[in-house]
Amino acid sequence: DAGITQSPRYKITETGRQVTLMCHQTWSHSYMFWYRQDLGHGLRLIYYSAAADITDKGEVPDGYVVSRSKTENFPLTLESATRSQTSVYFCASSVEGAPLGGVVTDTQYFGPGTRLTVL
Amino acid sequence: DAKTTQPPSMDCAEGRAANLPCNHSTISGNEYVYWYRQIHSQGPQYIIHGLKNNETNEMASLIITEDRKSSTLILPHATLRDTAVYYCIVSRGGSQGNLIFGKGTKLSVKP
């Protein structure tokens, strides 16, 4: 019962470096999400994916790239890290298809987070 | 813009019921009310959700007013481990149902 995992849990990198944060879920959930959390901003959606090979931008996508070749994995890449990308990153997944009153709901289950520091 | 309004902080005595209010006056007919919480340094945790009727599970109860413009999350017997930030979110679900987290309510349970 691994659920949803993220790696690494902590990462320190330098400005300009490429960094990839990994997210893996064992539930075969169709939807996956990436959020960042900063003091004073709460959680903000970066990208999400409805299924393998389907991704879409969230509120703050600039500077990030995602891919989803397999249902269970949803890596987030910072192509050229900047100090403003220092944050805690959370991955989440949800299953569409759990109808309640005839409407699909989207309860999300979150990973433990990755704390990224860009120097 | 946040679609919900919550008090920034609340205190509750251990063993007592914690009642966390949320206003969502612009909620539309196909939007659910979700509650999540985030204990320090952990990922957000789903608590409960509802559409029109009151809901109860092993963690909490959700009371939604008849006009659906506000709701209350009730933790019936708060413990110190319930100290967390509680987020009230409205969402349509499915592919359009991205959760928008506001600043939430910081609940402090005190012995």
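Below, read A as the first sequence line, B as the second, and so on, with proteins coming before strands; counting in each chain starts at 1. Everything quoted here is computed from the prediction, not taken from an experiment. Worth knowing before you read on, the calculation uses all heavy atoms, side chains too, and leaves out hydrogens, waters and symmetry mates.
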For the hydrophobic clusters of this structure (ILVMFWY residues joined by side-chain heavy atoms under 4.5 Å, transitively), does one cluster hold both A:M22 and A:W34?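 They do not share one cluster, since no chain of ILVMFWY contacts under 4.5 Å joins A:M22 to A:W34.
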Would a hydrophobic clustering, with Ile, Leu, Val, Met, Phe, Trp and Tyr connected at side-chain separations under 4.5 Å, put A:Y48 with A:L43?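 Yes, because A:Y48 and A:L43 connect within a single hydrophobic cluster, where side-chain heavy atoms sit under 4.5 Å apart.
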Contacts of type side chain to side chain donor-acceptor pair (under 3.5 Å), residue B:Y46, not counting sequence neighbours: B:H49
Hey, is CZ on A:R115 packed in by over 12 heavy atoms from elsewhere, all under 6.0 Å? no
Exam field: side chain A:Y109 to backbone B:P44, donor-acceptor pair closer than 3.5 Å: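 Answer holds: no.
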Rounding to 0.5 Å, atoms OH (B:Y34) and CD (A:Q108) come to a distance of 8.5 Å
To the nearest 0.5 Å, tell me how far B:Q38 CD sits from A:F110 CZ. 8.5 Å
A:E59, part contacting chain B, at a heavy-atom distance under 4.5 Å: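 Neither the backbone nor the side chain of A:E59 comes within 4.5 Å of chain B.
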